Structure formats: C-alpha cells, structure tokens
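Here the structure is laid out as structure tokens; the discussion comes afterwards.
Source: prediction; values computed, not measured.
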Amino acid sequence: MPALIQYVQDSLYLPESADVVIIGGGIAGASACWELARQGVSVVLVEKGLIGAEQSSRNWGWCRQQNRDERELPLIIHALQRWQTLNEETGEELGFRRTGLVYATRNEQDIAAWDKWNQMAKNYHIRSNILNAEQAKQMTPGSTTSWKGGVHSPDDGHAEPSMAAPGLVRAAMRKGAQVFQQCAVRGLDISAGRVSGVVTERGTIKTSRVICAAGVWTSMFCRRHGIELPLGNVIGTAFRTLPIKQAIALPFYTERFAVRPQMDGGYTVSVSGRGRLEAGFQGLKYSRQFYSTFKARRKNLTIVPSLKPFISGPEALANWSMDGLSPFEKMRILDPAADQQMVQEGLAAMVREFPELQGVRVAQSWGGMIDSTPDAIPVISEVAQLPGLILSAGYSGHGFGIGPGAGRLAADLATNNPPIVDPTPYRYARLIDGSGLDTPGMM
C-alpha cells in the first residue's frame, strides 16, 4: 500500500439524513464532497476503508489534457482550472504544480498520432507543441536516446495522489461535510421506485440523492440492485524511489517507462501501458463488451489465472443482505501486489535513460486496480431506472487528473444545477444500449 496516505479524522455521529450521500472516498468522491460542501449542501461521505487508500493514491499523479480522448477534453479543461485554485481555496496542500509534461519517442508513428491529436485539440485552445529531434533532446537533458521527436504540453501538470483526496475531504469537513471511514454502505434504501436512503453497517441515512463513486467496487454494488454496469478491472504496478538529485524535472513519458517528480525529491515510476489481468465473475460476465479493447491491448497484459477473484474482491459473484456482512466489509482496502519484474524493468529503463540516476533506490512498490469502461470514458450520470442514483465511475486509468471536474459534474447532477459541461458523453445509457459507444481513443 502506498505510504504517507494522509489521515482524516472521522465525524462523530452518523446523521439520520442528508441532502446527498457519497459512497467512496477516492478523488471522484472527495471532489464531489468538496463541491457540495462549499455550496452549503448537507453532504455525508461514507468510505468502507480509508480516504484515498485505493486507486486514488496509487496512480501516477498526472493532470493532463495531452492525448486524452476528445470527449473528455471539456471536463479536463475545467478540472485543470480547479486544480490551479484548489490549494488556496481549500487551505490544503494537494501537491498540484503546473509544470507541463513531455513525451518523447523513437517512433515516427507516435509523432504522427500526436500531431493528429494536436490538430483536434486546437479547437479547444489547448497548447501542445510537437518537438523535433533536437527539441526533444533539449526537453530531456541527460537522456541517452536519440529521439525522433516528442510533444510538450506546457499547461498540464501533476499533483500528489497521497495528499489530494484527504486534503479535499478535510476542507469539505470544515465547510460542514460529515465523513465516516471504516463504514461500508451495504446497499440503497428504495421507496416508490427511487432512492430514499443508504444502508450502512452502522445504520441507515435517509437521503434522496446518492453519488456512487466506489471505483472498482461500483459494478458489484450496482448489481446488488439489478443495475448492470460493464466495468473491466486491470491491475497496474507503480513504485516510488527514495529522494535523489532530480535529473528529470517534469513528468516524462516514453514507451519504456513513465516518471513523475515527487515533492520529497523522489520519483513515482511505472512501466508505460502495462497491466495485469486477474479476471473473476465480473470479467467473464462483461467479456463480450471488452473483447475489442482486450484484443487491441493484449500484448501489454499479463493474464494471471486464479480462482481467488471469483471468491473475494470486486470481481466476485457475491450476494448479501442489508443486515449481514457485505463484501465491502470483508475487504476494507483492496491492496493488489506489485509486479516485481515490472518494478525492476521500470527502474532499469529509467537509469539507462538517465545515467545520472545511477544508484537510485526503490522505496516502495504497489499494485492498484483500475476500473475501465468498454470505451474508456467514465460514467458520470443519473440512472433512469433508479431515480436519485448518480454514478461516478469507470475512469479507465486517467481519472485522477480529471477528478475535480468529475466531482463538480457529479455535484451538479445531484443538485439539479446546470452541468458544468455537457454530460452526454458520460451518460450511463450508452453502456447498455450501445448509443455512441465508440472504440477507445487516444489516452
């Protein structure tokens, strides 16, 4: 589990009611909590484990517009505006720095794809600069590869995953939000066909609006109420190094590794595009919807056959009663093992590329399970068959940077305010009726 997850003090007493209840304390739920609390909405956030302890503290920490699918651009543009002001607005250090990002490559096809993306992004007034070989070398001082070129996105940045969700939640609590950790939501109370409350392990909270931002657990939670949500789960590996003289000044991506400088002088590192698939019941259930995505990315996936995902965790076939132990209580924090071979590959690739980092040591490595939709676009949407339920899930490995925008959109839907962006691309119905369900674009 990533170290230095910041502590959040719980509220004292579970309330009888609230305007909005949020299930899940990752970046999506924490951002929604902040947006609602600052508007004076009565909001309760309930988390089965600890704030930010699952994927929201295990990601790369990138906050990028570069190479996103066009459907996400309005949301990330808003999210970056929010990231820019959140430190001052909340009084919390979230680690956001607008440093820019650099990609570099030896592949002409990459450059052509980035150039095509840039032409589209101009419609959104996004600054993104294609680099020639000399410029790519200048942007990566000390690198050993003779790059063909690259791309630089000067307005993008990064934040600290271990700090962001806890900081937003603490700020929301100062505005009146109530937060309860180690408190699983077992299900929804439903009256006259709509949400009327949430049933937690400590009691029921009456509410007419629920934002379910439960990450990889969201599909299982929805199935408990007869709602199908096709999500595919992939396990990524990352690691952090001990502090060392900074040879890489800003987040950097190449085909062999991706790296982000940390505030403490170390780095967060991962092997670009790689993952591990440990499918259970859920993976089999939605295999048809994910077939084209799986086929396109098969070479970057390690498939690990196991019975364990069928028995426990978010992939399991599970049934439970509202007054009995739920799967969410049985696994407070999902903590997949890191792929140690991948850790060593990433470390070796980084040192080969930047010999100045010779001697850098791994401080810690971890795995993180990523919830993905078939088109790699999140669901931020009301559910027509169950009025009062808003889903915020399926961020497909690029949800951290978009978190403040996603939180604002979910808050708008929960309060019937005009949405900050057009919510149509994120509608739940597309995953069920196939409307507008396209093959994943550049991510």
Side-chain angles (χ1 to χ4, degrees), residues 59-70 72-73 76-77 79-80 83 96-122 124-159 236-238 246-262 267-275 296-297 299-300 342 345-354 357 370 376 396-402 440-443:
N59 61 84
W60 297 1
W62 290 38
C63 303
R64 62 175 173 89
Q65 301 163 106
Q66 184 67 49
N67 293 341
R68 279 191 185 266
D69 189 292
E70 182 175 3
E72 287 187 348
L73 289 183
I76 185 60
I77 289 168
L80 280 171
W83 278 117
F96 180 73
R97 302 292 185 269
R98 206 160 201 166
T99 56
L101 311 175
V102 171
Y103 293 63
T105 185
R106 299 172 296 172
N107 190 331
E108 295 282 3
Q109 291 179 326
D110 289 338
I111 299 169
W114 294 335
D115 186 55
K116 182 179 178 181
W117 186 90
N118 279 8
Q119 299 310 310
M120 175 274 294
K122 287 178 181 177
Y124 297 88
H125 308 291
I126 292 172
R127 291 199 301 160
S128 177
N129 308 315
I130 296 294
L131 307 175
N132 61 29
E134 182 181 357
Q135 291 168 327
K137 199 67 174 173
Q138 289 173 349
M139 292 293 298
T140 58
S143 63
T144 57
T145 297
S146 297
W147 307 112
K148 290 285 188 180
V151 65
H152 175 224
S153 50
D155 295 328
D156 289 348
H158 60 96
T237 288
Q246 298 266 296
I248 307 170
L250 65 164
F252 172 63
Y253 180 101
T254 187
E255 63 179 351
R256 296 182 296 274
F257 68 97
V259 60
R260 171 184 65 85
Q262 295 184 157
Y267 292 101
T268 296
V269 188
S270 185
V271 177
S272 310
R274 296 267 296 279
R297 298 178 182 171
K299 66 178 182 179
N300 289 324
M342 202 178 299
E345 285 179 18
L347 184 67
M350 185 172 69
V351 172
R352 280 196 306 271
E353 192 60 61
F354 294 92
L357 294 175
I370 300 163
S396 306
H398 38 101
F400 179 74
I402 214 169
M442 184 176 286
M443 296 190 301

**OP:** Apply side chain to side chain contact (heavy atoms under 4.5 Å, CB included) to Met139 and Phe252, showing your working.
**Re:** CA-CA 10 Å; Met139 292 293 298; Phe252 172 63; over 6 Å; no
Original post:
So do Arg274 and Glu345 actually touch side chain to side chain, heavy atoms under 4.5 Å?
Top reply: yes
Original post:
Would a distance-only check, ignoring hydrogens and angles, find a side-chain to backbone donor-acceptor pair under 3.5 Å from Lys137 to Thr145?
Top reply: yes
Original post:
What are the two closest heavy atoms between Ala376 and Ser396, and how far apart are they?
Top reply: CA-OG, 3.3 Å
Original post:
Who are the salt bridge (Lys or Arg N to Asp or Glu O under 4.0 Å) partners of Arg106, not counting sequence neighbours?
Top reply: Glu255
Original post:
Is Ser143 reaching over with its side chain to a backbone N or O of Phe354, donor-acceptor style, under 3.5 angstrom?
Top reply: no
Subject >> Check: Trp114 side chain, Asn129 main-chain N or O, donor-acceptor pair, under 3.5 Å >> reply: no
Subject >> Nearest atoms (heavy-atom pairs only) where Pro251 meets Gly100 >> reply: CD-O, 3.5 Å
**OP:** Check for a donor-acceptor pair, side chain of Gln119 on one end and backbone N or O of Lys116 on the other, with a separation under 3.5 Å.
**Re:** no
Original post:
Just by modelled atom types, is the Arg260 backbone N or O under 3.5 Å from a matching donor or acceptor in the Trp60 side chain?
Top reply: no
Original post:
Rounded to the nearest 0.5 Å, how far does OG1 of Thr105 lie from CG of Leu131?
Top reply: 11.5 Å
Original post:
Looking at residues at least two apart in the chain, or sitting in another chain, which of them share a side-chain hydrogen bond (donor to acceptor under 3.5 Å, both in side chains) with Gln262?
Top reply: Asp264, Thr268
Subject >> Residues forming a salt bridge (Lys or Arg N to Asp or Glu O under 4.0 Å) with Arg127, sequence neighbours excluded >> reply: Asp155
Original post:
Of the non-hydrogen atoms in Thr254 and Ser272, which two are nearest, and what is the gap between them?
Top reply: O-OG, 2.6 Å
Subject >> Separation between CD of Gln65 and CD1 of Ile402, rounded to the nearest 0.5 Å >> reply: 10.5 Å
**OP:** Output the distance between atom CG (Asp115) and atom CG (Asp110), rounded to the nearest 0.5 Å.
**Re:** 12.5 Å
Original post:
Is a side-chain N or O of Thr237 found less than 3.5 angstrom from the main chain of Val271, in a donor-acceptor match?
Top reply: no
Original post:
Taking the six-membered ring for Trp, is the centroid-to-centroid distance between Trp147 and Tyr103 below 6.0 Å?
Top reply: no
Original post:
For the residue pair Gly401 and Trp83, what are the closest heavy atoms and their distance?
Top reply: O-NE1, 2.8 Å
Subject >> Interatomic spacing from CE in Met350 to CZ in Phe257 - rounded to 0.5 Å >> reply: 7.0 Å
**OP:** Say whether, by atom type as modelled, one donor and one acceptor occur between the side chain of Ser270 and the main chain of Ala258 under 3.5 angstrom.
**Re:** no
Subject >> Euclidean distance, Met342 CE relative to Leu347 CG, rounded to 0.5 Å >> reply: 14.0 Å
**OP:** Look up atom CG in Asp156 and atom CD1 in Ile126, then write down how far apart they are to the nearest 0.5 Å.
**Re:** 8.0 Å
Original post:
Of all heavy-atom pairs between Tyr267 and Ile248, which one has the smallest distance, and what is that distance?
Top reply: OH-N, 2.9 Å
**OP:** Please check if atom CD in Gln109 has more than 12 non-hydrogen atoms from other residues, nucleotides or ligands closer than 6.0 Å.
**Re:** no
Original post:
With side chains defined as the heavy atoms from C-beta onward, is the minimum distance between Met120 and Leu73 less than 4.5 Å?
Top reply: yes
Subject >> His398 side chain to Glu72 side chain, donor-acceptor N/O pair below 3.5 angstrom >> reply: yes
Original post:
If only atom types and distance count, is the side chain of Arg64 paired as donor or acceptor with the main-chain N or O of Gln66 below 3.5 Å?
Top reply: yes
Original post:
Hey, are the side chains of Arg98 and Leu80 touching, using non-hydrogen atoms and a 4.5 Å cut-off?
Top reply: yes
